[in-house]
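To start, I am sharing the structure in question, which I have written as structure tokens.
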Amino acid sequence: MSRAALPGFRDFYPQEFAERAYVMDAWREVTRRYGFVEYDGPPLEPLELYTAKSGEEIVGQLYVFEDKGGRKVALRPEMTPTFARMVGAKLNALRKPVRWFSTPQLFRYERQQKGRLREHFQLNVDIVGEADVAADAELLACAIDVMREVGLTSKDVRARVSDRRLIGALLSHFEIADKDQPLVYAVLDKLDREPRDVLEKRLTDAGIAFHTVGSLFEAVASRDLDELRSRLGGMRALDGHFETLGRYFELLEALGVRDWVQLDLSVVRGLAYYTGIVFELFDNEGEFRAICGGGRYDDLLATLGGTAAPALGFGMGDVVLGELLRSRKLMPALEPAVDFWVACDDDALLPDVMSVAAKLRGSGRSVEYSLKGQQLSRQMKAAASAGAGQVVILLRDQWSGGSGTVTVKTLADGTERVVRSDVLLNFPMQDNG
RNA sequence: GUGGCUGUAGCUCAAUUGGUUAGAGCACCGGUCUGUGGCACCGGGGGUUGCGGGUUCAAUUCCCGUCAGCCACCCCA
């Protein structure tokens, strides 16, 4: 019998749990500022919910089994289908635009590696019912503000944005057949990981003219809109897309996040359902996988739920973000802390210690004490390592069965006060030192 | 799913060309400092050297398998 967690699953010891809570608190805090409200769905769903969207091949990557009622079910690998179902069912009744977020634990049966486990928590933020590019700007700004919330700056993280419609228009202009588009996207995705000549050959082998490949690569190398415009300025079919992206960047400027964002047409989100602006957040060192990815998926609700509505959203996992924060020394360490430690210099006073502890707890303070008789110096050590703000010391010569006094010591500065035991409860709490 | 690298206490690491009861620091628990902490000193618990085979008089050390982790690929969240 193995004592380890299953591969790709994590035991959250207090330190790890504190880290997870830190990240998830940041998620909730930022989404709250943007007016998003939280929802959740079942962790177990009918298998068809996922095969309908992604086909049968996805089954190999899911935790699937048959329940006792003979239903084929799967642990949720992503939140979007659940979200689409929930929103779709009540779309007419919901105030638009819908702004919801969730922090589900998701599961995927795949070989684990850095930044990628078989289970993770993922912030999902979605907007439904607004086609204007302002919604796209709002969404990206929210993702970026999460970065800020955990102490990252535009020097640490960059948002790379592309536009599916622009790429589509570009490929049409280059007269690249629809059947070749998946190949083109695959090549774009590998642009900074594989040698250019190898990628060029893949496209020319597929029958795309060499000069077309050259023009495509040149266009995609653009890192801002003006550059792209000057390279493709002659193409009237692209004007509308330039205009949209131009407004997008303007609005990102207005939201105060423009310096985090860079045009990058090589961003290819794997999911086939994106229809407009897409983005990914990466660490600037290129050390980790994408921290976050999202974009506009205007057709998905119609595909899944039947009701058409413009929509967009992003997902941000806790694994890569956690790795990045730890490597940048931005992940807070767990500091034990209690308001009071109650100690005594006589084992016979243990019931009195417990009684004092109970009263302090009754007034809302966090209190610990030695559960067995220990010499006072041990108790003081224990108090210090528990991060106690103050130690209440019952000395047998002062205590007088509760009618006397106690000594209250503030550990941070070593100061002591002797107080009547009956006024102890009025003590203000001190910062834990 | 494919390939490569790695695997000794909770953590970081030791262990002479394979050689006898596998060590240290930190952490944890306790003792002294004659009863108020963070120091110092002393002591203790904790390892079937990932697991299973093989070679050998002898394996932590060499070989094979397996499991796990890391990295790359595939794919994506």
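Lettering of chains follows the sequences in order, A, B, ..., and the numbering in each one begins at 1.
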- For the ring pair A:Tyr39 and A:Phe101, is the centre-to-centre distance below 6.0 Å?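 No, ring centres 6.0 Å or more apart.
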- Hey, is the side chain of A:Glu416 pairing donor to acceptor with the base of B:rU36 inside 3.5 Å?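 Counting by modelled atom types and ignoring angles, a donor-acceptor contact under 3.5 Å is found here.
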- Query: So, is the end of the A:Arg20 side chain (NZ or CZ) under 6.0 Å from the ring centre of A:Phe12 and within 45° of the ring's axis?
  - Reply: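 Satisfied, under 6.0 Å and within 45°.
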- Task: Could you work out the separation of B:rU48 and B:rU34 based on their P atoms and round it to a whole Å?
- Result: 41 Å
- Task: Would you mind classifying the nucleic acid contact of A:Gly414 as base, sugar-phosphate or nothing, using non-hydrogen atoms under 4.0 angstrom?
- Result: base
- Query: Which nucleotide in the list B:rA40, B:rC75, B:rC71 gets nearest to the side chain of A:Glu110?
  - Reply: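 Between B:rA40, B:rC75, B:rC71, the one nearest the side chain of A:Glu110 would be B:rC75.
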- Task: For nucleotides B:rA9 and B:rU49, find the distance between their P atoms and express it as a whole number of Å.
- Result: 9 Å
- Query: Under 6.0 Å from the OH atom of A:Tyr109, do we count more than 12 heavy atoms belonging to anything else shown?
  - Reply: no
- Message: Which nucleotide, if any, forms a Watson-Crick or G-U wobble pair with B:rC75, using both distances under 3.5 Å?
- Response: none
- Message: How many whole angstroms separate atom CD of A:Glu287 from atom P of B:rA72?
- Response: 11 Å
- Query: Going by an N to O cut-off under 4.0 Å, is there a salt bridge joining A:Asp264 and A:Arg158?
  - Reply: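 Here A:Asp264 does not pair with A:Arg158 in a salt bridge, since their nearest N and O are not under 4.0 Å apart.
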- Nearest-Å distance once atom P is located in both B:rA14 and B:rU8: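 Between the two P atoms, the distance is 10 Å.
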- Message: Under 3.5 Å for both donor-acceptor distances, Watson-Crick or wobble: does B:rU60 have a partner, and if so which one?
- Response: none
- Query: On a whole-Å scale, what distance lies between the C1' atoms belonging to B:rU2 and B:rC75?
  - Reply: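 Approximately 13 Å lies between the C1' atom of B:rU2 and that of B:rC75.
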- Query: Could you state the CZ-C1' distance from A:Arg10 to B:rA68, rounded to the nearest angstrom?
  - Reply: 17 Å
- Determine the contact category for A:Gln375: base if any of its heavy atoms lies under 4.0 Å from a base atom, sugar-phosphate if only primed atoms, P, OP1 or OP2 are that close, otherwise nothing. sugar-phosphate
- Item | Under 3.5 Å on both distances, the Watson-Crick or G-U partner of B:rC26 |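 For B:rC26, the partner nucleotide comes out as B:rG10, under the 3.5 Å rule.
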- Query: If you look at every strand shown and take non-hydrogen atoms under 4.0 Å, does A:Gln61 touch a base, only sugar-phosphate, or nothing?
  - Reply: sugar-phosphate
- Searching all strands shown, indicate the nucleotide that pairs with B:rG38 (Watson-Crick or G-U wobble; both distances under 3.5 Å).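 Paired with B:rG38, as far as the under-3.5 Å criterion goes, is no nucleotide at all.
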- Rounded to the Å, how far apart are A:Lys114 NZ and B:rC74 P?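 One finds 18 Å between P of B:rC74 and NZ of A:Lys114, rounded.
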- Query: B:rA72, B:rU36, B:rG38: which one has an atom nearest the side-chain heavy atoms of A:Gln113?
  - Reply: B:rA72
- Check against side-chain hydrogen bond (donor to acceptor under 3.5 Å, both in side chains), A:Thr153 and A:Asp156: CA-CA 5 Å; A:Thr153 70; A:Asp156 302 307; 3.2 Å; yes
- Query: If you measure only the distance, is there a donor-acceptor pair under 3.5 Å linking the side chains of A:Gln122 and A:Thr103?
  - Reply: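 No donor-acceptor contact under 3.5 Å links the two side chains.
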- Message: Quick test of your reading of the model: are A:Asp205 and A:Arg202 salt-bridged, counting only N-O distances below 4.0 Å?
- Response: no
- With respect to the side chain of A:Arg111, which nucleotide from B:rA40, B:rU36, B:rG3 is positioned closest? B:rG3
- Message: Using heavy-atom distances to pick each residue's nearest nucleotide on RNA chain B, tell me which of A:Gly115 and A:His120 is more 5'.
- Response: A:Gly115
- Message: Students often get this wrong, so: under 4.0 angstrom with heavy atoms, is A:Ile393 touching a base, only sugar-phosphate, or nothing?
- Response: base
- C1' atoms of B:rG7 and B:rG65, separation to the nearest Å: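 That atom pair is separated by 15 Å.
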- Query: At under 4.0 Å between heavy atoms, what does A:Gln374 touch on the DNA or RNA strands: base, sugar-phosphate, or nothing?
  - Reply: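 If one applies the 4.0 Å heavy-atom cut-off, A:Gln374 turns out to touch the sugar-phosphate alone, with no base involved.
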- Looking only at atom P, what distance separates B:rC51 and B:rU61, rounded to whole Å? 11 Å
- Whom does B:rU55 pair with, Watson-Crick or G-U wobble, provided both distances fall under 3.5 Å? none
- Toward the 5' end of RNA chain B, by each residue's nearest nucleotide, A:Lys372 or A:Leu6: A:Lys372
- Donor/acceptor link under 3.5 angstrom from A:Arg116 side chain onto base of B:rC75: yes
- Task: Please work out if A:Leu117 contacts a base, only the sugar-phosphate, or nothing of the nucleic acid, heavy-atom cut-off 4.0 Å.
- Result: base
- Interatomic distance, A:Arg378 CZ vs B:rC29 C1' [rounded to whole Å]: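 Taking atom C1' of B:rC29 as the reference, CZ of A:Arg378 is at 8 Å.
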- Task: Please measure how far the C1' atom in B:rG53 lies from the corresponding atom in B:rU17, and state the result in whole Å.
- Result: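 B:rG53 and B:rU17 have their C1' atoms separated by 26 Å.
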- Expressed in angstrom and rounded to an integer, what is the separation of A:Lys381 atom NZ from B:rA27 atom P?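 About 12 Å, once rounded to whole Å.
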- What is the distance from CG of A:Asp189 to P of B:rC73, rounded to the nearest Å?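 Interatomic distance, CG of A:Asp189 to P of B:rC73: 11 Å.
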- For B:rG46 versus B:rG25, give the span between their C1' atoms, rounded off to a whole number of Å.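 One C1' to the other, the span is 16 Å.
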- Item | Contact under 4.0 Å: A:Arg108 side-chain N or O vs B:rC75 OP1/OP2 | no
- Task: Rounded to the nearest angstrom, tell me the gap between atom NZ in A:Lys190 and atom P in B:rC73.
- Result: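 After rounding, the gap between these two atoms is 9 Å.
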- Nearest-Å distance for atom pair CG/C1', residues A:Leu376 and B:rG37: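 So the two atoms are 9 Å apart, to the nearest Å.
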- Message: Are there over 12 heavy-atom neighbours, none belonging to A:Lys96, within less than 6.0 Å of that residue's NZ?
- Response: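 Counting neighbours around NZ of A:Lys96, more than 12 heavy atoms of other residues, nucleotides or ligands fall under 6.0 Å, so yes.
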